[in-house]
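This report concerns only the one structure given below.
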Amino acid sequence: MEFEELEIEVFNDKKFCNGSGRKNHFLGRVKVYGSQFSKRGDEGIVYFPLEKKSVFSWIRGEIGLRICYYDELLEDDQQQPPPPPEKDAPPPQQQDPQKSPAVTMVEEGRVFQVAEHAEFNYHDYQHHQNGTHSPPVVVEQSPPPVVHVHSEPPPQQSHVPLPEEPPPGLNAPPLHSMETHTHYQPEVRMMQTTRESSGNTRVKTMRRPNGDFTPKVISGRFKSEPTERIHPYDLVEPMQYLYIKIVKARGLSQNESPFIRLRTSTHFMRSKPASYRPGDSPGSFEWNQPFAFGHNNKADVQSSDAGILEISVWGSHSEQFLGGVCLDLSDVPVRDPPDSPLAPQWYRLESGAAADQNSCRVSGDIQLSVWIGTQADDAFPEAWTSDAPYVAHTRSKVYQSPKLWYLRVTVIEAQDLRMASNLPPLTAPEVRVKAQLGFQSAKTRRGSMSNHSTSFQWIEDLIFVAGELLEESLILLVEDRTNKDALLLGHIIIPVNSIEQRIDERHVASKWFTLEGGGDTGGGGAGANGGPYRGRIHLRLCLEGGYHVLDEAAHVCSDFRPTAKQLWKPAIGVLELGILGARGLLPMKTKGGGKGSTDAYCVAKFGKKWVRTRTITDSFDPRWNEQYTWQVYDPCTVLTIGVFDNWHMFGDMSDDKPDCRIGKIRIRVSTLESNKVYTNSYPLLVLLRTGLKKMGEIELAVRFACPSLLPDTCAAYGQPLLPKMHYLRPLGVAQQEALRGAATRMVSLWLARSEPPLGPEVVRYMLDADSHTWSMRKSKANWFRIVAVLAWAVGLAKWLDDIRRWRNSVTTVLVHALYLVLVWYPDLVVPTGFLYVILIGVWYYRFRPKIPAGMDIRLSQAETVDPDELDEEFDTIPSMKPPEIIRARYDRLRVLAARVQTVLGDFATQGERVQALVSWRDPRATKLFIGVCLAITLILYVVPPKMVAVALGFYYLRHPMFRDPMPPASLNFFRRLPSLSDRLM
């Protein structure tokens, strides 16, 4: 469905025009992609803006649609084709429109309901077409190619006998299916479509025996050459592994939970204890566990024992030898990712040298499969690898962030509250509503009392972050804070999953809720004080699906899609990341004997998808060679990659020890050219209390697979950055920052429940949770950024000053000539300015960045940072430093604030002087200004404007010998104007 489009057009009915002279009756259209359809039961009304056919169209407005789909099961007898009609037989009559409606072919066996009025069924369309001699069906696609689909009779099928299954044995060939299919990830599969030619393309499809036909080629939105196929692991180096999958065993000697030992010349691993399922025969156990050993073909030649794999079964308690199998690795098949999984085989357990030391009888069979593959194998993510033997916290995993909603609680009013009887006379009660959702809490302002003393009104919005599965409850407390201690007047508990959801600005009905019992003091236990009825409260509750819940800093955000999936737009491309490896890492921990060690792993985050590589243990130059993909919905997003040292992989380590950060890299997707692979090494930098420290380097390969100038990609730059609701009902900056902190905490709690978990220190570091904390270093960096932005203006002012001072006479004369041309032909001013900008852009094309930029040390002001400033940056809130250090930092901050205060005062002074020109605060100055304005008006009325422009320009560019070194009279006049600074206390 993700390749299909549903197009809806709105027209004005000519029958009801009442004789109007309108020629164009088109009112707009909407295109909805298949990825936006919802399953029946999850649909909702979505309002789409009507699109225009051209820029100058007057079309506007929206159309509300409720679109859903459901799967339809069809019987086999319905698939039988009708008998072909005779050659001279008349065409059959058209079927009833209610039984054969207008059809859009979407997917076989799937019914779509649009606005609950029209149904499109592909099978009805097929039965209707197969009963007639209809012309070839023309499937039109958005301009310009047209695909003609012809149906032909099927070719004669040749029956190929299947090979007989060989008997199980040591060198038995693997069982492969006769038909293999290439499996690609959904986002990669979207790029594998054929490029359409400028002419009409004819796609021939074979008619099925039952008479149905289905187009095999669907022209997609992304066009590429047929031979350009994206291999799942083409950005990284292939690493060969020896895969062993232990499935189960049968007929073993009596034992509770046996385990398996696997040994080669260079590796040794032990499996988990087997599981016994009730109902199985005695001696049958199951593991279903894959292993992956690093495989090197050169080792097979250097050692005679290197090509032997020993698999032995042992008892769990007494470690009795129960049997084993030795396999020759020279006969192990090689499996590529497109191949089907290798079928496991039964092997007879044999006794060996270990049986002489143990009197246990060897019997039974073991089912396993052995093959050689790469890290692209399907079994690699779940396999116990030799370079990461501690499985619990070392596997590579893919995580998903939770689906987050904004919960809007509108507190309107409360009535019939039972107030305390001991209130002071003539004192208005201070009643507030406190709302709690999990760890989040918010309070309303003081309620305004209505005519009745027991009724209060607020009309205030409280917004929280709610996460799926919406299992929490919203608690509202009505408190009287007139006295020192808060008095609970009543409370109510509302399950979040019972709250209505909306994806637009439609009105949500408010409801009255009855308050339950309060207490004597604030927030205490429940108690009926004066009866069970405690009053009622008027609320409007809704879960906002039209917002994007920010969990990252806005300047490094990786996703801007709203919560509701119905509002998602189709992806514009695929981002591929290959994490090759790292080198030169510093030791992060010490092991036995004081030896330094590093157990590094990578975490990458883009959108809601997190990926974690496997942990390479005890290596300063780890090689991961893992590749991941993400769908890109907005090019102006950022990919974040972080490297960490694993502290949770050992059982004797404390779980409270966080994973140490090694470094972080950010790559902005918009800086990547389309379909180009960038392979580069980036330094891993960490800012510590002691200063900047280089931890090593990481090698990455990045590719943004996207058509270069696709209209959707270019149109994304003109679309709003955030969803529509952020502009219709915007959130405050401080409020959004508080909600971002809550969202970050919810994401960290969600990912901490995974296996292996992502620690909160990892999530906070990847999401830049502390990006808005105070830092003297960041303040200096932002100041120098402003200076760099204004550098071009300063440079232009210096160039003009050199021109007017005649530093280069030839340049000054040429500027005079150019100025005369522009004055005499003013219509060339704007084109000349834009031409100059074009030339600047072409000139800087030579200096464009060749690779995506990493962290900039100089821009971050991390080279010459003061140690005390760094210590202040890492200090907590509230501070834990001694009072004398806090006093010194406070005095330093006061000195900096005094400079900022002076600059702000200067800006205010200049603005007040401009206002003083006509405010008559200085009567003489205002009279002079009005008189000069009158003279300028008369001169500009009499003298042609070109002559005035030439005179002013030549006066400004006059030779220094005709210029007075003192400031001009106009500047002196402006500086003498009064400001309000003399009225400050």
Side-chain angles (χ1 to χ4, degrees), residues 445 553-555 721 726-727 730-738 740 771-802 804-805 833 859-861 865-866 869 872-873 877 886-937 940 952 955-956 963-985:
R445 64 179 184 274
H555 60 281
L721 195 62
H726 284 270
Y727 304 97
L731 304 175
V733 177
Q735 184 183 33
Q736 191 135 1
E737 189 60 28
R740 187 173 82 89
S771 60
H772 292 284
T773 56
W774 162 254
S775 170
M776 183 70 72
R777 176 188 59 85
K778 293 180 182 179
S779 300
K780 292 180 180 179
N782 292 333
W783 167 254
F784 285 110
R785 288 171 58 195
I786 295 175
V787 172
V789 169
L790 299 178
W792 69 271
V794 176
L796 179 61
K798 290 182 179 180
W799 180 75
L800 289 176
D801 187 69
D802 293 341
R804 66 192 297 266
R805 293 181 183 276
L859 182 65
S860 303
Q861 295 295 312
V865 62
D866 187 76
E869 295 178 359
E872 180 186 11
E873 182 175 347
I877 298 177
I886 297 178
R887 185 180 297 109
R889 293 175 179 175
Y890 176 69
D891 294 338
R892 182 179 61 197
L893 185 61
R894 290 177 62 188
V895 172
L896 178 63
R899 298 177 185 175
V900 177
Q901 172 184 298
T902 303
V903 173
L904 294 178
D906 292 341
F907 276 108
T909 298
Q910 307 306 323
E912 291 168 353
R913 286 174 177 172
V914 174
Q915 293 178 345
L917 290 173
V918 292
S919 63
W920 294 89
R921 291 196 62 221
D922 187 346
R924 284 174 293 275
T926 303
K927 291 178 183 179
L928 289 174
F929 178 71
I930 293 177
V932 171
C933 290
L934 178 61
I936 293 176
T937 303
L940 293 179
L952 292 177
Y955 177 78
Y956 177 78
R963 187 178 291 116
D964 190 1
M966 302 303 292
S970 58
L971 184 59
N972 295 331
F973 176 78
F974 183 77
R975 289 176 177 175
R976 291 177 177 274
L977 291 173
S979 65
L980 300 180
S981 59
D982 54 349
R983 300 172 62 180
L984 291 176
M985 298 181 62

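All residue numbers in this chain count up from 1 along the given sequence.
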For this session: Report yes if some heavy atom in the side chain of Tyr956 is under 4.5 Å from a heavy atom in the side chain of Leu800; otherwise report no.
Result: yes
Exercise. Can you check whether Leu859 reaches Phe784 side chain to side chain, under 4.5 Å on heavy atoms?
Worked result: no
Exercise. Rounded to the nearest 0.5 Å, how far does CD of Glu912 lie from OG of Ser919?
Worked result: 10.0 Å
Problem set entry | Spacing of Asp922 atom CG and Lys927 atom NZ [to the nearest 0.5 Å] | 10.0 Å
Problem set entry | Trace of the side chain to side chain contact (heavy atoms under 4.5 Å, CB included) decision for Arg921 with Leu980 | CA-CA 10 Å; Arg921 291 196 62 221; Leu980 300 180; 3.7 Å; yes
For this session: Answer whether the closest heavy-atom distance between the side chains of Gln861 and Glu869 falls below 4.5 Å.
Result: no
For this session: Taking the side chain as every heavy atom from C-beta outward, state whether Trp799 and Leu796 have any pair of such atoms under 4.5 Å apart.
Result: yes
For this session: Please say whether more than 12 non-hydrogen atoms of neighbouring residues, nucleotides or ligands are located less than 6.0 Å from CD1 in Ile877.
Result: no
Exercise. Do Asp866 and Met776 have side-chain heavy atoms sitting under 4.5 Å apart?
Worked result: no
Seminar exercise, completed: Correct closest heavy-atom pair for Lys778 and Ser771 would be NZ-O, 3.5 Å
Exercise. Between CG of Leu893 and CZ of Arg889, what distance do you get to the nearest 0.5 Å?
Worked result: 11.5 Å
Exercise. Between atom CD of Gln915 and atom CZ of Arg913, what is the distance when rounded to the nearest 0.5 Å?
Worked result: 13.0 Å
Problem set entry | Flag if over 12 foreign heavy atoms under 6.0 Å of CH2, Trp774 | yes
Seminar exercise, completed: Residues Arg785 and Asn782: closest non-hydrogen pair is NH1-OD1, 3.0 Å
Exercise. Do Arg975 and Asn972 get their side chains close enough for a donor-acceptor pair, meaning under 3.5 Å?
Worked result: no
Exercise. Between Ile930 and Trp920, what is the shortest heavy-atom contact and its length?
Worked result: CD1-CZ2, 3.8 Å
For this session: Answer yes or no: are there more than 12 heavy-atom neighbours, outside Arg963 itself, under 6.0 Å from its atom CZ?
Result: yes
Problem set entry | Least distance between heavy atoms, Ser981 atom then Thr909 atom | CB-OG1, 4.5 Å
Exercise. Any idea which heavy atoms bring Glu873 and Ser775 closest together, and the distance?
Worked result: OE1-OG, 3.0 Å
Seminar exercise, completed: CZ (Phe973) and CG (Leu977) are apart, to the nearest 0.5 Å, by 5.0 Å
Exercise. Is the count of non-hydrogen atoms from other residues, nucleotides or ligands lying under 6.0 Å from Tyr727 atom OH greater than 12?
Worked result: yes
